[in-house]
Amino acid sequence: MTTASSLRAASPAATPCAALRSTSTAARSVRVAPAARAGRGRLVARAAVAANADAPSSAAASKSDGHEVLLFEALREALIEEMKLDPTVCVFGEDVGHYGGSYKVTKGLADMFGDLRVLDTPIAENSFTGMGVGAGMKGLRPVVEGMNMGFLLLAYNHISNNCGMLHYTSGGQFKIPLVIRGPGGVGRQLGAEHSQRLESYFQSIPGLQMVACSTPYNAKGLMKAAIRSENPVVLFEHVLLYNLKEKIPDEEYVLCLEEAEENSEDSFVLTIPTDVLEHVTILTYSRMRYHVMQAAKTLVNKGYDPEVIDIRSLKPFDLHTIGNSIKKTHRVLIVEECMRTGGIGASLRSAIIDNFWDYLDAPIICLSSQDVPTPYAATLEDATVVQPAQIVAAVEQICQ
């Protein structure tokens, strides 16, 4: 195993969990704990199944009365809290100022913090992403918004050669505490160029971390952690999840950038004895979390016990949480919206085979989007993306 000391010069300054910088308000790393299992029936993955689900998505949310927010409002809260806490935090992007951003994540920030800290830029992703890299080198903590993640392909050179590598190529003289965020994924008839999933493009860039939010709770916690990290972080938001609502804590919380979330809360209880259940680990993230939870209802009624994990950290993977689940279930299904060839699922399957081969009782199945440009027609668009019925069929195949 590579030692930490040998990595210091070759990788970003510190791991995000360890590098949450100290502030006047102590930051707390919050982990979503799996629910307890009791009796002969077993609690399984919760059924927060749709984008309009109104149940809290985490045990932490129930610790206080909290307040209800939409996902885009949770991201906005995180930005406001961090900008109040640290004057070096700033926002760059197209229409992020007085317009408030295309999805209103930055609504009102220009009035609160001024036009220099919430800077409207020209339509020039390559230029303002490069400006963000330079600002990070000089001591600021910029948050760069891509109006659509597909547009960030125009800034790929800065993200790869500068954002990911400057800490190494400068011999550790520069840090790049930069957050790159924005909407992506297959929306509702947005066309091929606006339906990009760039996680497959960015995952091979050394020095870059990637996380994907899926609920208002983890959106806020991951945004705050990404801003506080000394490393460049890409935060993937899904265009269809911005109006997802749930209750989040009133008190401050910060999530770890390297931890997965096990969805094991007690939404429904199996009355089938656990010794006759068919167990399977389902790994997913972003919007597919809700397709998986919809399929989980059907699977429970069919006598299966799916253990659902929202991997959240796309780079690096939380192999500790993933491995512990595989050691219990011995079967794995990966469900993603990324592309089939060279996607996150392909990398995750390789990592599982390398580390947990001896625990597998069946081949790993990976359900991914089709390797085609996303069609505009709604029926064709749906056909390119994994649907709940396909998830049910894949679990039945694994457990044969």
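- Side-chain contact between Arg312 and Leu255: present, with at least one pair of heavy atoms (C-beta onward) separated by less than 4.5 Å.
- A donor-acceptor pair is defined here as one N or O able to donate and one able to accept, closer than 3.5 Å; such a pair exists between the side chain of Ser229 and the backbone of Asn231.
- A side-chain donor-acceptor contact under 3.5 Å links Asp318 to the backbone of Ala260.
- In this structure, the side chain of Asp120 engages the main chain of Val96 through a donor-acceptor pair within 3.5 Å.
- Between the side chain of Ser350 and the backbone N or O of Ala346, no donor-acceptor pair lies under 3.5 Å.
- A salt bridge is absent between Glu73 and Lys107; no separation between the charged side-chain nitrogens and carboxylate oxygens falls under 4.0 Å.
- Shown here is Ile353, whose CD1 atom has more than 12 heavy atoms of other residues, nucleotides or ligands within 6.0 Å.
- For Asp382 and Thr379, the side-chain atoms include no donor-acceptor pair closer than 3.5 Å.
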Verdict with supporting geometry, Glu237 and Arg287, salt bridge (Lys or Arg N to Asp or Glu O under 4.0 Å): CA-CA 9 Å; Glu237 303 154 16; Arg287 178 197 175 201; over 6 Å; no
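- No donor-acceptor distance shorter than 3.5 angstrom exists from the side chain of Arg197 to the backbone of Gly184, with no hydrogens or angles considered.
- With hydrogens and angles ignored, the 3.5 Å screen pairs a side-chain donor or acceptor of Glu246 with a backbone N or O of Tyr217.
- In the model, His194 has no side-chain atom that pairs as donor or acceptor with a side-chain atom of Gln189 under 3.5 Å.
- Seen from the ring of Tyr359, Lys328 does not count as a face-on cation partner, given the 6.0 Å and 45° thresholds.
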From CA spacing to verdict: ring pair (Phe, Tyr, Trp, His ring centres under 6.0 Å), Tyr242, Tyr103: CA-CA 8 Å; Tyr242 280 124; Tyr103 294 90; 4.8 Å; yes
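- Side-chain contact of Ser214 with Arg289: a donor-acceptor pair under 3.5 Å is present, judged by distance alone.
- For the 3.5 Å distance criterion, the side chains of Thr121 and Glu94 fail to qualify, holding no donor opposite an acceptor.
- Residues Gln203 and Leu314 fail the side-chain proximity criterion, which asks for heavy atoms closer than 4.5 Å.
- Put simply, the side chain of Asp95 reaches to within 4.5 Å of the side chain of Met147, judged on heavy atoms.
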Does the salt bridge (Lys or Arg N to Asp or Glu O under 4.0 Å) test come out yes or no for Arg76 and Glu81, once each step is laid out? CA-CA 9 Å; Arg76 180 176 175 272; Glu81 289 178 13; over 6 Å; no
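- Looking at Ser313, its side chain does come within 3.5 Å of a backbone N or O of Leu257 through a donor-acceptor pair.
- In summary, of the residues considered (His279, Glu396, Arg331), a side chain to side chain contact (heavy atoms under 4.5 Å, CB included) with Tyr304 occurs for Glu396 alone.
- Checked against the 6.0 Å centroid threshold, Phe236 and Tyr285 do not count as a close aromatic pair.
- With contacts defined as side-chain heavy-atom distances shorter than 4.5 Å, the pair Asp115/Val118 does not qualify.
- With rounding to the nearest 0.5 angstrom, the CG atom of Leu166 is 5.0 Å from the CD1 atom of Ile176.
- Using a distance-only test at 3.5 Å, with no hydrogens or angles considered, a donor-acceptor pair links the side chain of Asn218 to the main chain of Thr215.
- No side-chain donor-acceptor contact under 3.5 Å links His167 to the backbone of Gly164.
- Inspection of the Thr374 and Thr384 side chains reveals no N or O donor paired with an N or O acceptor under 3.5 Å.
- Interatomic distance, Cys399 SG to Asp361 CG, rounded to the nearest 0.5 Å: 10.0 Å.
- Counting heavy atoms from C-beta outward, Lys220 and Leu75 have side chains that stay 4.5 Å or more apart.
- Using a cut-off of 4.0 Å between Lys/Arg side-chain N and Asp/Glu carboxylate O, Glu252 and Lys84 are scored as not salt-bridged.
- Between the Asp371 side chain and the Arg340 main chain, a donor and an acceptor come within less than 3.5 Å of each other.
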